[in-house]
Amino acid sequence: EDKELGGERKSPVDMSFLSGIKNKLQKVRSVLGRVPKTVDEEYDACVDRVKGFDDCVRRLSQRCNPLLSCIQNFVSATDELLQTLEKLSNFEQDTKNVMKGARGS
């Protein structure tokens with residue numbers, strides 16, 4: 001029921017209800033308004049972390065490459081030493097065989 005008051009109609013809508021909706025919309029707008037900035041900040045932080053990780057991997061690689069090279073050299077030298085020891089062992093056995101042969105004749 002609309003009642004006339006001094007030529008104006010009284011609104012049937014409760015103004016406190018509209019005010020509550022307005023406040024809620026402002027809060028939602030405030031939160032959503034921060035989202036793009038937050039996303040940008042998080043993206044930038046993520047990019048920084050990835051760059052940091054990339055730098056870390058590069059430094060690790062720079063430090064590990066000489067170590068890996070050293071290990072490979074050690075393995076190669078060990079192989080050579082084992083081959084030499086095998087030759088010495090064979091030489092010793094050959095020498096024993098020759099000595100046995102010389103005694104036997």
Side-chain angles (χ1 to χ4, degrees):
E1 295 178 22
D2 290 347
K3 295 183 181 176
E4 300 219 13
L5 238 91
E8 295 180 17
R9 282 199 225 173
K10 186 176 179 190
S11 172
V13 178
D14 182 5
M15 291 309 287
S16 66
F17 174 74
L18 288 179
S19 179
I21 289 177
K22 178 183 168 191
N23 287 340
K24 287 179 182 164
L25 285 175
Q26 285 174 334
K27 286 178 185 176
V28 168
R29 190 327 192 164
S30 173
V31 170
L32 291 179
R34 291 191 301 262
V35 168
K37 183 179 180 205
T38 302
V39 168
D40 284 345
E41 288 170 353
E42 286 299 320
Y43 175 80
D44 290 344
C46 185
V47 167
D48 290 344
R49 280 188 222 108
V50 169
K51 285 180 185 174
F53 179 72
D54 188 47
D55 291 344
C56 180
V57 168
R58 194 175 319 106
R59 283 192 308 272
L60 183 62
S61 175
Q62 289 170 347
R63 290 178 182 155
C64 284
N65 284 340
L67 178 60
L68 291 174
S69 179
C70 180
I71 290 171
Q72 288 169 341
N73 291 339
F74 180 79
V75 168
S76 294
T78 303
D79 287 344
E80 289 177 25
L81 180 59
L82 289 171
Q83 289 172 1
T84 302
L85 291 173
E86 182 68 27
K87 288 177 185 174
L88 282 173
S89 176
N90 290 341
F91 178 74
E92 181 184 13
Q93 190 60 44
D94 290 346
T95 303
K96 285 180 182 175
N97 290 341
V98 167
M99 296 301 277
K100 283 181 187 176
R103 281 189 220 137
S105 56

At what distance, to the nearest 0.5 angstrom, does [atom1] of [X] lie from [atom2] of [Y]?
X	Y	atom1	atom2	result
Asp44	Arg49	CG	CZ	10.5 Å
Gln93	Asn90	CD	CG	8.5 Å
Leu85	Leu81	CG	CG	4.5 Å

Notebook entry, point to check: Quick one: hydrophobic cluster around Val57, which other residues, with the 4.5 Å side-chain cut-off, linked directly or via members?
Noted result: Phe53
Note to self: With side chain to side chain donor-acceptor pair (under 3.5 Å) as the rule and sequence neighbours excluded, what pairs involving residues 20-41 come up?
What the structure shows: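 Matches after skipping sequence neighbours: Ser30-Arg34.
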Pairs under 3.5 angstrom only: tabulate donor-acceptor contacts from the side chains of residues 61-75 to other protein residues two or more places apart or in another chain.
| from | atom 1 | to | atom 2 | distance (Å) |
| --- | --- | --- | --- | --- |
| Ser61 | OG | Asn65 | ND2 | 3.4 |
| Asn65 | ND2 | Ser61 | O | 3.3 |
| Asn73 | ND2 | Ser69 | O | 3.4 |

If the condition is salt bridge (Lys or Arg N to Asp or Glu O under 4.0 Å), which residues does [X] pass it with, not counting sequence neighbours?
X	answer
Glu80	none
Lys87	none
Arg58	Asp54, Asp55

Item checked: Same apolar cluster: Val39 and Val31, side chain cutoff 4.5 Å -> no
